[in-house]
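Working notes, structure below.
Chain naming here is simple, since letters A, B, ... match the order of the sequence lines and numbering starts at 1 in each.
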2 protein chains.
Amino acid sequence: MPKVDVVTVKRLPQYHQILQKMKQRGREYVSSEQLARLLKVDPSLVRKDLACMMTGVQKLGYPVHLTMKKIEDLLGMRNTKEAFLAGAGSLGQALMAYTGFKQYGLKIAAAFDADPAIAGKIVNGIEVLPAEKLADLISRMNIKIGIIAVPTDVAQEVADLMVKAGVLAIWNFAPVILHAPDYVIVRNENLAAEYAKLSYKLEQSLCRRSEVNENYVFEQTDGEPALPEGK
Amino acid sequence: MPKVDVVTVKRLPQYHQILQKMKQRGREYVSSEQLARLLKVDPSLVRKDLACMMTGVQKLGYPVHLTMKKIEDLLGMRNTKEAFLAGAGSLGQALMAYTGFKQYGLKIAAAFDADPAIAGKIVNGIEVLPAEKLADLISRMNIKIGIIAVPTDVAQEVADLMVKAGVLAIWNFAPVILHAPDYVIVRNENLAAEYAKLSYKLEQSLCRRSEVNENYVFEQTDGEPALPEGK
DNA sequence: TAGATTGTTAATCGATTAACAATC
DNA sequence: TAGATTGTTAATCGATTAACAATC
């Protein structure tokens, strides 16, 4: 069990994506400096991240293909894990269609929906079953990952149900913070909050821009050089 | 311009969600201690976060309604910002249907798709236009936010187009790291990478569990008390 | 060899937590 | 008043970056 920091694990898929592109272009080696530039981090951080899995080659850098393999091993990308999806509305359907998951070893084994108009259909090759069957099938199929894409007001309820049935990780896309016992891993995705962050940064940068503009106007009227931006 | 740290901004929508629930239940005041427990952070962090907008009331805590308002003001939740969405496939459609955005002031003004079978339709009340019109309409409508939900291999191309047309923030849902000039804010969502993290944590916790189990077996055979888990 | 790049330690930076005086 | 809770400073923690010897 190589104990790897989660901050590192978070970056590994990104290294993998970049390496994939480089492999396609026929690159055999890549330096920590190049990876770092693409991820906007420091080269020494790249070296530290990769050091937990493998060793690079002096003068050349890291072998592209081997590094990908090592990342795949560590993340278990090659052994498929099955998950159940609660909620087959538009968000649920988008998750079923998302092409990125397969590569990382995630398979949505079945979806569940309370709406009888949807249950029974097959969406993107995944069977949608009636919501009542969720708990029973989780236990019987020994499913460990539950994905939640139900309306906000029933999200906690569905999570509780999943936990009781034996799920050990919950990936929640409803805009609400879900709670579960400590032994269950919960990831609240919350796109609305992500947007709030993006929007705030945008606002800040617009302010900075207009400030710069004001300085510029000032400069024109009185001839003072504009202040250099603080670094 | 109250300069607030982005780590704080990230938490504000979560406070807002919690406060909303409390308001519904008729709560008038909430203490930093209670908010902290629900967000799994330290009470002093909550106080620090809120201090940038307002002041609490000694002995009572923070007034629920006012705190919500302050957060709404700081995040600009009440003045709608328009964004364009590139890609009206299943992911794009899910984003158009996502109810969480409206509350935070995000309106998808129009969507664009290269597929003539989709372009021309109206999905969730949002018009889907042909991809050729994207750039021109961004400039003419002075759109600042571009959302990308196109296939991975054209994502960078679409981003470049958006930047050239004047977009200042890009929210990317394709599983690839997009690059843009420094003055453009880019947020790469990358669900596949999020999954990798979740999956790794799950694996770790399963290991810990089986280790505990092994200890337990050992204990049975020789009568030693199990070691307490490191804290 | 000289030069490029790794692996790793120490320094720095930034965010969270602990502590506690102020106060209603 | 006594007690609860804030606001804020100092201490701690953890992650990133800088520096540099090792090495192919």
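Separating the OH atom of B/Tyr62 from the P atom of D/dA4 is a distance of 18 Å, rounded to the nearest angstrom. One interatomic measurement links the two molecules: CD of B/Gln58 to P of D/dG7, which rounds to 7 Å at whole-angstrom precision. Put simply, NZ on B/Lys48 is 7 Å from P on C/dT16, counting in whole angstrom units. Between the CG atom of B/Leu50 and the P atom of D/dT5 there is a distance of 15 Å, given to the nearest Å. To the nearest angstrom, C1' of D/dT9 lies 15 Å from CG of B/Leu45. Rounded to an integer number of Å, the gap from B/Asp42 CG to D/dT12 P is 15 Å. Per the geometry, NZ belonging to B/Lys59 stands 12 Å off P belonging to C/dC24, to the nearest Å. A/Met53 has its CE atom 14 Å from the P atom of C/dT6, to the nearest Å.
In this model, the phosphate group of D/dT16 is not approached by any side-chain N or O of A/Arg47 to a distance below 4.0 Å at OP1 or OP2. Close to D/dT6, at under 4.0 Å from its OP1 or OP2, lies no side-chain N or O of B/Ser44.
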request  = Output, in order, the C-alpha distance, side-chain angles, deciding distance and verdict of side chain to side chain donor-acceptor pair (under 3.5 Å) for B/Gln156 and B/Asp160.
outcome  = CA-CA 6 Å; B/Gln156 183 62 60; B/Asp160 294 345; 2.8 Å; yes
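When each of A/Leu60 and A/Ala51 is assigned the nucleotide of DNA chain C bearing its nearest heavy atom, the one mapping closer to the 5' terminus is A/Leu60.
Of the N and O atoms on the side chains of B/Lys144 and B/Asn142, at least one donor lies less than 3.5 Å from an acceptor on the other residue.
B/Trp171 and B/Phe101 have their aromatic ring centers within a separation under 6.0 angstrom.
Under a 3.5 Å cut-off, the side chain of B/Gln17 and the backbone N or O of A/Pro175 do form a donor-acceptor pair. With hydrogens and angles ignored, the 3.5 Å screen pairs a side-chain donor or acceptor of B/Asn172 with a backbone N or O of B/Val176.
With both pairing distances under 3.5 Å, C/dA21 is matched to D/dT6 as a Watson-Crick or G-U wobble pair.
Test A/Lys10, A/Arg11, A/Gln14 against A/Asp49 for side-chain hydrogen bond (donor to acceptor under 3.5 Å, both in side chains) and you get one pass: A/Arg11.
Residues from residues 19-36 of chain B lying near DNA chain D, meaning a heavy-atom separation below 4.0 Å, are B/Ser31, B/Ser32 in numerical order.
Here the nucleotide nearest the side chain of A/Asp5, chosen from D/dT16, D/dA15, C/dT16, is D/dA15.
Minimum interatomic distance between B/Tyr29 and B/Val57 (heavy atoms only, all atoms of both residues): CE2-CG2, 4.0 Å.
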